[in-house]
Structures are given as structure tokens and as C-alpha cells.
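As the structure is a prediction and not an experimental result, all values here were calculated from the model. We count ligands from 1, going down the list as the structure has it; atoms in each ligand are counted the same way. Heads up: numbering here begins at 1 and tracks the sequence.
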Amino acid sequence: MNNISMVDLTTQYEKIKHEVNAGIQQVIDSTAFIKGGKVTELQAELATYLRVKHVIPVGNGTDALQIALMALGLKPGDEVITPTFTFIATAEVVALLGLTPVLVDVDFDTFNMNIDALRRAITPNTKAIVPVHLFGQHADMESILHIAHEHNLFVVEDACQAMGSEYTFSDGRKTHAGCSGDIGCTSFFPSKNLGCFGDGGAIFTNNDDLAARMRAIANHGMVVRYYHDLVGVNSRLDSIQAAVLQVKLRHLDTYIAARQAAAAFYDAAFSRTDKLIIPTKNEQTTHAYHQYTLKLVGVNRSALIKYLNDKGIPAMIYYPVPLHMQQAYQDVRYKTGDFPVAEKLSECVFSLPMHTELTDEQLKYITDAVMDGIL
Ligand SMILES: *Cc1c(COP(=O)(O)O)cnc(C)c1O
């Protein structure tokens, strides 16, 4: 049995080595490293796959979020609502732009933004909502878009973990993660659902004006060369990363299916005990299982992780500290106890290896070890 890792990019690469290497070699031969044909091709292929009008490739997922917020024309002090249980990048860009992050609690079941908390957090200064589709499952977009419409707010989706997840609205309309709000952002970090061989990201929108602004912002605020209409940044995807992503996009549906099959194996094993709560599935969203995250009930988490590590099984805690309890984000408005669900989750969540290459032998070894470890 191969060594077990949280993410096995080695085995995945072995299977697509010829395709990937050929694409990279073409970029090297062309020397079109920046803004090459492959970036333009990838942009079009992603737009088709996602059924979205505009795809703007950028340097990474954090830049995608920052450029999205820059395009909204907000002013210092404007409030942006985001969940407190997420990766730091979501709130970081809000703070960096001088906007005010307003944190809200999440649902215990789905880990995603709680809708009542969102309603309560809206003030006259609220300008945008940034829902996160955590671990690969959509937040409640139907409610979020409804609330945004009522209050005239922008919705910027942090879809960095949810590439490949689809959402079905009650009228039957289906959209990909990042494609139903005003703007969607994703990351191509190597371990993400669609990962490249370095840093990368993309922004999605169906809005022509926002697309034009974001394209300019990502390129030094420039529309006509050396004429700078906006204050921008320098954020681009390079052609070698685009070559890798073109290949992996062709395999993405298979990759998502492999993650879902691994999750089904885990679910079947872990539903036999009350000490583990398996991921909740919401019927409006498919789950891309960026992470397979369990909740422990009355189990000593560090002892379990040590037990698994000793058997060669890695396990991670996503996330051990909610944003309102992070040192850099200490704020007089928030204190420990304000977001009890996120705080409880940070104490009981536990993520197991999840990737496209898990074999039944590995899954059996992991599930047996976890079941033994919780006794
Ligand atoms: C990965 C991630 C990001 C940032 O993406 P980078 O490409 O690493 O900058 C932002 N938000 C969430 C939820 C993420 O998981």
C-alpha cells in the first residue's frame, strides 16, 4: 500500500504526466510565458465548463478576492459580511482594503454562513456579502442572493474550495460555484480541487462592466497600454500554470467523482458510530469534497490524531481558530463567546486524507484505524 497523504499529487501527476509535460514543453518552446495563448485558451475553456460569461485568470485566490472587492467601488468603512469560520484570506483582503469585515456565525451542520446571523448583521453601511463555500459545498446561495437583492448588496463568492460543485435553485436553474453571485473567486493552489503547479486563481462574472474593471485592475488599472484609468495591482496567471490547468480541467469531473467516492466510503464506515458526525449533505448543492471534515462527539481529538499519525495516517484541523479569535483580527466589537457555533466547530472538527487517488485499501486502513482510535 502506498504511503497515505492528505493530498496525493504524485500519483495524480503520474497518470497525466504525458499530457501535462507536452503542454508545458509547448509553453517553453513558444517562450510565451505571460499572457500566452494558453491563458486565453484556458479562460475560454473554463467559461464553457462553468457556463459563465467572463473568466479572468489572476495570480492566486487571495488576489482574486482582493480584485473583486476593489472593483465594487467601495469606500473605507463600508461593511463586508463574511463568516468567522473560514480561511483567513476571505477577511484579510477586506481589512487590507480599509473596508470593515463584519463577521457572522456559521451553521453547525454545513459549516457555512448562517442566514439568520447574516440578516442580523446588515446595517446601513453594509455593501457586500462574501459567502464561503467551505470544504466544497455551496453556502445557501438562494437565501443569500435573496437577502442581497432586498438590501441592494453585492455578493462576492469565495469559491476557492468549491470548484466542481453545482447548485440547484428552487426554479431548477443550476450554477457552478462562483457563478451565481455578482463575482466569484477561485484558487488553483496545488491542493485545491483544480490545482496547478504553483500559484494561480481566477475570477468569474456574468457582468460586463465588472469584468472590464477587474481585467483592468488585475493589469495595473490599464485598459489602453500605459494609460492607467484605475489604481490596480499586478496579478496574472502564467502560461505554464495554464497548460497544467488545461489538462486537469479535462479530468475535473473524474476527479470530483473520485473525491465523492472516497467520501461515500468514509460515510458508510463512520455512520456506524455516534462518536463521529459525518458531513451533512444539503440537497441544493453537490459536494466537491475539497475536505472531508468530521465532527467528534466526546472523543479526545489530539489523542486520536496522535493515534492515527502513529499508524502513518495524517489528519488536519480546518480550522483551529475562528477569525474573531485570531490575534491580528482582535477587534473591540468581538470577543470569545460571540460566535458559539464556530467556536464549538474549531474544537471538534477533524479532516481526513481527501484526494483523487485514494484506493479502497487505503480507505479501509484509514476507516479501521479511526474506528479503533475512537474506542
Ligand atoms: C485557498 C483559499 C483562499 C486563497 O487562495 P490562494 O490561492 O491560496 O491565495 C481563499 N479562500 C479560501 C476559502 C481558500 O480555501
> Which bit of Asp158 gets closer than 4.0 Å to ligand 1, counting heavy atoms only: side chain, backbone, both or neither?
Replying inline: side chain
> What about the rings of Phe339 and Phe85, do their centers lie closer together than 6.0 Å?
Replying inline: no
>> To check your reading of the model: name the closest protein heavy atom to atom 9 (O) of ligand 1, its residue, and the distance in Å.
In response: Thr62 OG1, 2.5 Å
> Nearest heavy-atom pair of Leu252 and Asn193: which atoms, and what distance?
Replying inline: CD1-O, 3.6 Å
> Could Arg213 and Asp209 be called an ion pair, given the rule that one side-chain N must be under 4.0 Å from one carboxylate O?
Replying inline: no
>> Is the positively charged end of Lys295 above the ring of Phe111, judged by distance under 6.0 angstrom from the centroid and angle within 45° of the axis?
In response: yes
> Parallel, tilted or perpendicular: which fits the ring planes of Tyr319 and Phe135, with parallel below 30° and perpendicular above 60°?
Replying inline: parallel
> Quick one: which ligand 1 atoms are inside 4.0 Å of a heavy atom on Gly61?
Replying inline: 5 (O), 6 (P), 7 (O), 9 (O)
> For ligand 1, which atoms have a heavy atom of Ala89 less than 4.0 angstrom away?
Replying inline: 10 (C)
> Please state which protein non-hydrogen atom is closest to atom 15 (O) of ligand 1 and give its distance, to 0.1 Å?
Replying inline: Gln161 NE2, 2.9 Å
> Which option, Ala202, Cys160, Cys185, owns the non-hydrogen atom nearest atom 10 (C) of ligand 1?
Replying inline: Cys160
>> Pairing donors with acceptors under 3.5 angstrom, does anything connect the side chains of Gln12 and Thr356?
In response: yes
> Can you tell me which residue and heavy atom of the protein come closest to atom 1 (C) of ligand 1, and the distance to 0.1 Å?
Replying inline: Lys192 NZ, 1.4 Å
> Taking only heavy atoms of Ser187, which atoms of ligand 1 are found under 4.0 Å from at least one of them?
Replying inline: 5 (O), 6 (P), 7 (O)
> Is ligand 1 under 4.0 Å from a heavy atom in the side chain of His290, in the backbone, in both, or in neither?
Replying inline: neither
> Under 4.0 Å from any heavy atom of Asn60, which atoms of ligand 1 are there?
Replying inline: 7 (O), 9 (O)
> Hey, what's the ring geometry for Phe270 with Tyr292, parallel, tilted or perpendicular (30° and 60° as the breaks)?
Replying inline: tilted
